[in-house]
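For reference, the structure I am asking about is given below.
Values reported hereafter were calculated over all heavy atoms of this structure, with side chains retained and with hydrogens, waters and symmetry mates removed. Residues: numbered from 1 along the sequence shown.
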Amino acid sequence: MVWGDPRPLAILLGSKMSPVRITDMRWSCWVRKNMLLLLTFSGVLFGVALGLALRAVGPDSTTILLISYPGELFIRMLKLMILPLIIASLISGSASLNAKINGYIVARTILYFMATSLLNATLGVLLVIAIHPGSPLAKQALTESLPTASNTTSTVNILDGFLDLGRNIFPENIFQASFQQVHTVYEENEVTRHNNITGVDAQITEIIRSVKYRAGTNTLGIIVFCLVFGTLLGSLGKKGAVVVDFFSIIDTVILKIVTGVMWLSPLGVASVIMSKILSVENLSTVMSNLGLFIVTVVVGVFIYQWIIQNFLYFIFTRRNPLHFYFSLLEPWVTSFATASTAATLPITFRCMNDKCGVDPRVTRFVLPIGATVNMDGTALFVSVGTIFIAQMNEVSLGIGEYSTIIVTATAASVASASVPSAALVLILIVLTSVNLPAEDVSLLFAIDWLVDRFRTTNNMLGDCYTAAIVEYWSQSELQAMDAETNAESFGDAEKAADLAPLVTGQHDVDPEALLHDPPVLLLKGGENGKVMGPVEILHVEMEIPPKENKTTTKI
């Protein structure tokens, strides 16, 4: 058999062997490779179907709790991996690059995040104007069918969001940042004031602004600390190599744990979706009155994912965007189930490195930062929700108000936390900026559990596409650093070769054999430190000791 022979394998090996169907082999190989993805999608479909079927039975709260329990454990295991993964990946990633390249990557990442968030906010405004999902009749029906919330007073503003953002970037205690975040709250305080004119004491309620802590990992503060720590650690050279290797091994171990946890995703995803469907009250009423609003948000999400995002990826990288998109279906399903970009981070890391082939030095930067500050889907949802409330109240908006909504929604999405339903708080900020009734945001609580899942997939994919584009933009710096590293390694090898003797007496080497069969040297260099090929040594200098003349005497 000659390599490259076009004849079928069955003809070459004999007529008794049946021909091999290449298409069947490829299909079975694809199924084995994507078995986890297929099982996870089956879990989503099973959860939706069974959840809708169980609503007719009307299970009690205890039954719903037991149904949701496997999903709760699955999400808790994913969240357990977030903090060690961020710390290990960021420190090892930033230590592998120099400070200049780190600065370039961070600057490009933040600028692209801001541009895509602004683009999503603009897309949301255009869609909600074109579809016009809001109407006064829908508001009246929702107000009558849904329980009215207490008077919602909007005391948050965009200034508090950015001030809290700065406080979280620079935490005062790195250990406290592991489980608490800083946020601004407004509290009512009863104050007694004496009127000098009337001489009567009056009770006055004052609104006092204060900074407090709330439960939740301060991911942004940990990211900044790890970036600085890793960059300085990499500058130490060989002195810090042991610490860099330590965090690299932790990163590898965490990803292996995530791979094992992901085999529980079919059961966990089905459990989460079933519990959410069963816990919603008045599902038919909500869907009939807010269905057009849901359609507007979902259409905007998929227009950005399928058209705009893939178009930008092709323009900037000149690569096939469909292959990249379908390689991220596994984290897409996980982000849809968990409704949290941070909880999906371990799966996103694994797919970006293994399936998409993006440089780990870039993904270790972009993905943790994106899970905190990049909220493309949130910017789209906030702009749609704000104008939807204006349409329900029959408030006409002008170009100035639309521009204010776009800018405010973009800015608010940057300052939002990566937790479920954070966008509802951000809508209050935007509503206040254009003088719309803030209490109407409570009408969106009934469908936020569903819309939040779609916009979270937008956030997750935005992080992944940004990482791929930033890697393409940073190719020259990464290649220059690879060349520098290879040159240093080659210099160390040459120095070691000069210091080592050519032939030592500790090995059984025949000096005469070296003259007849010269050794072959493999030079390491080129792209990514690959072996360039064998190089024959043509000239060998050595000293061969003379043979001892042994004489024998006969007795």
Side-chain angles (χ1 to χ4, degrees), residues 34-82 142 145-147 258 260-291 293-295 297-298 301-302 328-348 377 381 418-424 444-460:
N34 297 277
M35 180 60 68
L36 182 58
L37 175 62
L38 296 176
L39 292 176
T40 307
F41 264 117
S42 302
V44 173
L45 298 177
F46 178 78
V48 172
L50 190 58
L52 294 175
L54 290 177
R55 283 190 65 88
V57 181
D60 56 5
S61 59
T62 304
T63 304
I64 297 176
L65 176 64
L66 294 177
I67 291 175
S68 65
Y69 188 67
E72 179 186 351
L73 295 182
F74 173 67
I75 295 177
R76 290 172 71 92
M77 285 187 288
L78 288 180
K79 290 183 176 180
L80 178 64
M81 301 293 107
I82 295 174
L142 289 171
S145 60
L146 298 179
V258 171
V261 171
M262 279 308 298
W263 285 102
L264 302 175
S265 61
L267 178 61
V269 167
S271 172
V272 170
I273 293 179
M274 278 191 295
S275 63
K276 288 298 180 181
I277 293 177
L278 292 174
S279 60
V280 176
E281 299 180 0
N282 302 320
L283 183 61
S284 59
T285 304
V286 170
M287 290 300 175
S288 61
N289 291 283
L290 293 177
F293 172 77
I294 298 174
V295 169
V297 177
V298 173
V301 165
F302 286 117
L328 296 171
L329 288 180
E330 189 177 328
W332 192 99
V333 177
T334 307
S335 62
F336 181 84
T338 59
S340 175
T341 311
T344 318
L345 199 56
I347 297 96
T348 311
F381 173 78
S418 59
V419 295
S421 301
L424 292 175
L444 302 179
F445 288 154
I447 50 93
D448 187 66
W449 65 274
L450 177 60
V451 179
D452 191 14
R453 280 155 168 73
F454 285 101
R455 66 172 181 261
T456 303
T457 62
N458 225 15
N459 300 338
M460 184 277 303

Answer with yes or no whether the side chains of Thr456 and Asn459 bring together a donor and an acceptor at under 3.5 Å. no
Heavy-atom pair with the smallest gap, counting every atom of Lys79 and Ala343: CG-CB, 4.2 Å
Would you mind reporting whether Leu450 and Phe454 have side-chain heavy atoms less than 4.5 Å apart? yes
Looking at CG of Leu328 and OG1 of Thr334, how far apart are the two atoms once the value is rounded to the nearest 0.5 Å? 11.0 Å
Which heavy atom of Glu330 sits nearest to which heavy atom of Leu37, and what is that distance? N-CD1, 3.6 Å
Say you draw a straight line from CG of Leu278 to CG of Leu65; how long is it, rounded to the nearest 0.5 Å? 12.0 Å
Side chains of Phe293 and Ile447: closer than 4.5 Å at any heavy-atom pair? yes
Identify the two heavy atoms, one from Met274 and one from Leu50, that lie closest to each other, and give their separation to 0.1 Å. SD-CD2, 3.2 Å
Passes side chain to side chain donor-acceptor pair (under 3.5 Å), Thr40 versus Ser265? Steps please. CA-CA 6 Å; Thr40 307; Ser265 61; 3.1 Å; yes
For Ile67, does its backbone N or O pair with a side-chain atom of Ser271 as donor and acceptor, under 3.5 Å? yes
Does the Arg453 side chain pair with the main chain of Ala337, one donor and one acceptor, at a distance under 3.5 Å? yes
Within the side chain of Arg55, is there an N or O that forms a donor-acceptor pair under 3.5 Å with the backbone of Gly51? no
Gly71 and Val272 have their tightest heavy-atom pair at CA-CG2, 3.6 Å
More than 12 heavy atoms of other residues, nucleotides or ligands under 6.0 Å from CZ of Phe41: yes or no? yes
Would you say Val269 and Phe336 make side-chain contact, with heavy atoms under 4.5 Å? no
Distance check, rounded to the nearest 0.5 Å: Leu66 atom CG versus Ser275 atom OG? 11.5 Å
Going by heavy atoms in the side chains, are Thr344 and Leu78 under 4.5 Å from each other? no
CG-CG distance between Leu80 and Leu73, expressed to the nearest 0.5 angstrom: 12.0 Å
Compare every heavy atom of Thr348 with every heavy atom of Pro331, then report the nearest pair and how far apart it is. CB-OG1, 3.8 Å
Phe302 CZ: over 12 foreign heavy atoms closer than 6.0 Å: yes
How close do Leu264 and Met77 get, counting heavy atoms only, and between which atoms? CD1-CE, 3.4 Å
Rounded distance (nearest 0.5 Å) linking atom CG of Asp452 with atom NZ of Lys276: 9.0 Å
Got Leu39 and Trp263 here, is their nearest side-chain heavy-atom distance under 4.5 Å? yes
With rounding to the nearest 0.5 Å, note down the distance linking CZ in Phe74 to OG1 in Thr338. 7.5 Å
Can you find a heavy atom in the side chain of Met262 that is under 4.5 Å from one in the side chain of Leu36? yes
